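Computed from a prediction, not measured in an experiment: that's the story for all the values here. Every chain is numbered from 1, with letters handed out A, B, ... down the list of sequences.
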Amino acid sequence: MNIYVLVKRTFDTEEKLVVSGGQIQEDGAEFIINPYDEYAIEEAITVRDAHGGEVTVVTIGDEEAEKQLRTALAMGADKAVLINTEDDVEELDQFTSAYILAEYLKDKEADLILAGNVAIDGGSGQVGPRVADLLGINYVTTITSLEIDGDTVKIIRDIEGDAEELETSLPLLVTAQQGLNEPRYPSLPGIMKAKKKPLEELELDDLDIDEEDVEAKTQTLEVYLPPKKQAGRILEGEIPSQVSELVSLLRSEAKVI
Amino acid sequence: MSKKVLVLGETREGALRNVSFEAIAAAKKVSGGGEVVAVLLGETVSEFGSELVAYGADRVITVEHPHLKSYTSDGYSQAFMAVVDQEQPQAIVFGHTAVGKDLSPKIASKLQTGLISDVTDIEGEGADAVFIRPIYSGKAFEKVKLKDDGVVFITVRPNNIAPLEREERSGDVSSLSVDITNLRTIIKNVVRKSAEGVDLSEAKVIIAGGRGVKSKEGFDSLNELANLLGGAVGASRGACDADYCDYSLQIGQTGKVVTPDLYIAAGISGAIQHMAGMSNSKVIVAINKDPEANIFKVADYGIVGDLFDVIPLLTEEFKKVM
Ligand SMILES: Cc1cc2nc3c(=O)[nH]c(=O)nc-3n(C[C@H](O)[C@H](O)[C@H](O)COP(=O)(O)OP(=O)(O)OC[C@H]3O[C@@H](n4cnc5c(N)ncnc54)[C@H](O)[C@@H]3O)c2cc1C
């Protein structure tokens, strides 16, 4: 089976975030594989191990993203592709990313494409379905279970907490929800092997893409931190008196009850 | 310049969702005085048309078809694109719901336009509208607008944009017949896990429990308090993973994103993935044994103590005053 995984290098949102000059400061920040993409990578490896074939992880980014691709290779992916847009694209949005990924994928005859259902930085959740639409293949989002039998695919997906059971067929794009699996940690031999696995670097030219074709459709005017909340009030005294104070605060000060 | 705006109305368990009324209010702003046309897709949905008008839609178009009984991206996109072809809108608003999230990128792709998703606020109107959305798990916000003069397409986070007052208004409800074919997904079954009653994403009061609740039975006292306040019970991933409650109660990045007036977090440590789903709540109360717990950082009021003491006392106290 010919399997592709779309991955994104993201800022680790568990870390402290600094905004200056209307932009997130990335210097010295911790970067990770988007956690929902890790579920996608794990699932891709499991599907390959069960059905044979090859897993290729693809990312758009700059050279820094090689680190995350190597991690995916160390987990067990076979090949990696970095589409380096550093010199060509100033502002990427979901339209841009999907267009580039679809141009790369269009002649690959992928049977299965996996992605995370959302990236924890931008949080838009658009790229997977957009890529599927551009490729003209079906997609299923926020999946928690995947079973492939020949061309038939049985899926359970999370819809606001309910579990939807459905059937579809390959070729297909799916986006991973937490609960799909537990991503493995790269093993030491895995890390050694990953160093020798192929990592191809492409630029827009290699994909015959004009910069104009991928100009972002949206524009971020400003990035800012939420207004600092007044420090919360930690109540004091005996628990019963704290509780009655809380109730009166909620009624008279916060006015929410 | 005013815009004609299409709004997708959504129903759930036989009723319109609040987020649809909120989407109409958002559409009014985006329209800058232009026409707001609500769209209803389903097997039989025309009965809901007049309610959308009461909440501010100027007109309603329904597409009814047996293939639209359950949501599929193929079925819904065919139906919605038929309405787009007929109406030629300059803007589109969906709710940021399971359906909205799944369908909007496909429609945006077909229209080759930008999509600004999970919008929590709108500044300005019509052509000047700028959209505000949380990023980085809710730790920051961005202001975004469309760059070119394509279709402005947004999805709005439930419970953030106030709906218009319900009023007697008049507006036409018409139907469009669409041939819906070649569905590549067949829905076999939906296992309903969500609790009856108040929809978490629309609840005004949420009592949420975490791993600190320690058992299924531990949630009983949370349920009692929620019932008393007319709210809903939510949970952290920790509580769901420990099987104290169902995953449908999960709040956070993976679960539901909520913005109630009052969020009471009991026995929840306040991991960033949890906060991504609740930090926009208007008033947050944290109850935790550990004074260092992260949740106190976003709390308006905090009680450092054992939730098994605090929650029952809180219920008693509310009973006295309500
Ligand atoms: C990709 C990804 C997505 C995730 N998505 C989500 C998500 O959507 N939602 C989510 O919630 N989590 C999510 N998580 C998990 C998250 O990181 C935390 O593990 C989880 O939120 C912890 O749950 P908790 O606070 O209940 O448990 P803990 O962190 O174990 O905290 C329990 C708290 O209870 C307190 N406590 C214990 N006993 C008592 C008592 N008797 N009285 C008062 N306080 C008490 C403790 O002091 C502690 O602070 C995600 C993680 C990942 C990696």
Side-chain angles (χ1 to χ4, degrees), chain A residues 11 13-14 17 19 24 93-95 98 118 120-126 128-130 133-134 138-141 159-169 177-179 216-226 229 232-235 239-240 242-244 246-247 249-251 254 256-257, chain B residues 73 97-98 101-102 105-106 109-110 113-118 130 134-137 139-148 150 184-194 229 247-248 250 253-254 256 261-262 272 282-283 285 296 299-305 309-310 313-314 317-318 321:
Chain A
F11 188 100
T13 54
E14 294 196 26
L17 193 105
V19 172
I24 308 269
D93 71 355
Q94 301 82 11
F95 166 84
V118 68
I120 60 172
D121 51 3
S124 88
Q126 295 179 31
R130 276 185 182 264
D133 184 66
L134 291 170
N138 195 17
Y139 65 88
V140 182
T141 56
I159 41 168
E160 298 182 26
D162 292 334
E164 182 176 73
E165 299 166 4
L166 60 91
E167 248 179 61
T168 181
S169 55
Q177 170 68 313
Q178 190 178 31
K217 299 282 184 188
T218 55
Q219 183 182 7
T220 298
L221 303 169
E222 193 188 340
V223 171
Y224 59 98
L225 296 175
K229 249 187 152 169
R233 175 130 46 118
I234 305 295
L235 305 180
I239 292 290
Q242 286 192 35
V243 168
S244 45
L246 175 63
V247 170
L249 284 169
L250 289 176
R251 287 164 58 85
V256 283
I257 294 291
Chain B
S73 59
T97 58
K101 284 187 233 184
D102 193 80
K106 184 171 176 124
S109 173
K110 294 200 180 305
T113 192
L115 167 60
I116 302 170
S117 53
D118 201 15
V130 171
I135 51 173
Y136 290 77
S137 307
K139 280 190 169 176
F141 287 84
E142 64 176 355
K143 286 187 186 174
V144 195
K145 69 170 189 137
L146 199 69
K147 234 173 152 179
D148 55 19
R184 292 171 292 186
T185 296
I186 304 156
I187 310 297
K188 293 286 179 185
N189 187 27
V190 177
V191 184
R192 290 258 172 240
K193 296 190 169 170
S194 21
L229 300 177
Y247 280 105
S248 62
Q250 184 183 186
Q253 200 165 62
T254 305
K256 297 203 166 100
D261 293 340
L262 174 61
I272 180 66
K282 277 153 213 127
V283 173
V285 174
F296 286 119
D300 298 278
Y301 305 107
I303 293 184
V304 178
D309 296 333
V310 177
L313 281 170
L314 201 53
E317 196 66 28
F318 273 123
V321 297

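- Proximity to chain A (any heavy atom under 4.5 Å) is shown, for I303(B), by both the backbone and the side chain.
- Shown here for L250(A) and V283(B), the closest heavy-atom pair between the two residues is CD2-CG1, 4.0 Å.
- Atom CD of Q178(A) sits about 6.0 Å away from atom CD of Q250(B), to the nearest 0.5 Å.
- For K106(B) and Y139(A), the positive end is not near the middle of the six-membered ring at less than 6.0 Å and at most 45° from its axis.
- Ring pair F141(B)/Y224(A) is parallel by interplanar angle, where below 30° counts as parallel and above 60° as perpendicular.
- For the options V144(B), D148(B), N189(B), heavy-atom pairs under 4.5 Å to chain A are most numerous at N189(B).
- Residues T218(A) and G114(B) come closest through the heavy atom pair CG2-CA, 3.9 Å.
- In terms of non-hydrogen atom pairs under 4.5 Å with chain B, the most contact-rich of G122(A), P226(A), P240(A) is P226(A).
- The nearest pair of heavy atoms linking K139(B) to T13(A) is NZ-O, 2.6 Å.
- Partners of E167(A) according to the salt bridge (charged side-chain N to carboxylate O under 4.0 Å, His left out) rule, which considers only residues two or more places apart in sequence or in another chain, are K188(B).
- Using a 4.5 Å cut-off between heavy atoms, F296(B) contacts chain A through its side chain alone, with no backbone atom that close.
- Of the charged side-chain nitrogens involved, none lies within less than 4.0 Å of a carboxylate oxygen, so that D300(B) and R233(A) do not count as a salt-bridged pair.
- For I135(B), the parts sitting under 4.5 Å from any heavy atom of chain A are the backbone and the side chain alike.
- Looking at heavy atoms from C-beta onward, P105(B) lies out of side-chain contact with Q94(A) at the 4.5 angstrom threshold.
- Atoms CG and OG, from D162(A) and S248(B) in turn, are 7.0 Å apart once rounded to the nearest 0.5 Å.
- Within the 4.5 Å cutoff, side-chain heavy atoms of Y136(B) are placed close to those of I24(A).
- Looking only at distances, a side-chain donor or acceptor of E160(A) sits under 3.5 Å from a matching main-chain atom of A98(B).
- Between chain A and the residues T254(B), V190(B), D118(B), the most heavy-atom pairs under 4.5 angstrom are made by T254(B).
- Put simply, of L17(A), V243(A), V223(A), T168(A), the one with the most heavy-atom pairs under 4.5 Å next to chain B is V243(A).
- For the residue pair N138(A) and T185(B), a side-chain donor N or O sits within less than 3.5 Å of a side-chain acceptor on the partner.
- Residues I186(B) and L166(A) have side chains not in contact (no heavy-atom distance under 4.5 Å, counting atoms from C-beta outward).
- Under the 4.5 Å side-chain criterion, counting only non-hydrogen atoms from C-beta, L115(B) is in contact with R130(A).
- Interface residue Q177(A): only side-chain heavy atoms are found under 4.5 Å from chain B.
- When each of G125(A), G179(A), S169(A), A254(A) is checked for heavy-atom pairs under 4.5 Å with chain B, A254(A) comes out on top.
- With contacts defined as side-chain heavy-atom distances shorter than 4.5 Å, the pair T220(A)/K143(B) does not qualify.
- Both the backbone and the side chain of I159(A) come within less than 4.5 Å of a heavy atom of chain B.
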Inset, instruction - Please test K110(B) against D133(A) for salt bridge (Lys or Arg N to Asp or Glu O under 4.0 Å), starting from the C-alpha separation and ending with a verdict. - result: CA-CA 8 Å; K110(B) 294 200 180 305; D133(A) 184 66; 2.6 Å; yes
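- By the 4.5 Å heavy-atom criterion applied to side chains, K217(A) and K147(B) are not counted as neighbours.
- Residues G123(A) and S117(B) approach most closely at O-OG, 4.5 Å, considering heavy atoms.
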Inset, instruction - Would you check, one step at a time, whether the test side chain to side chain contact (heavy atoms under 4.5 Å, CB included) holds for L221(A) with K145(B)? - result: CA-CA 7 Å; L221(A) 303 169; K145(B) 69 170 189 137; 4.0 Å; yes
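- Looking at V256(A), L249(A), L246(A) one by one, the single match for side-chain contact (heavy atoms from CB on, under 4.5 Å) with V285(B) turns out to be L246(A).
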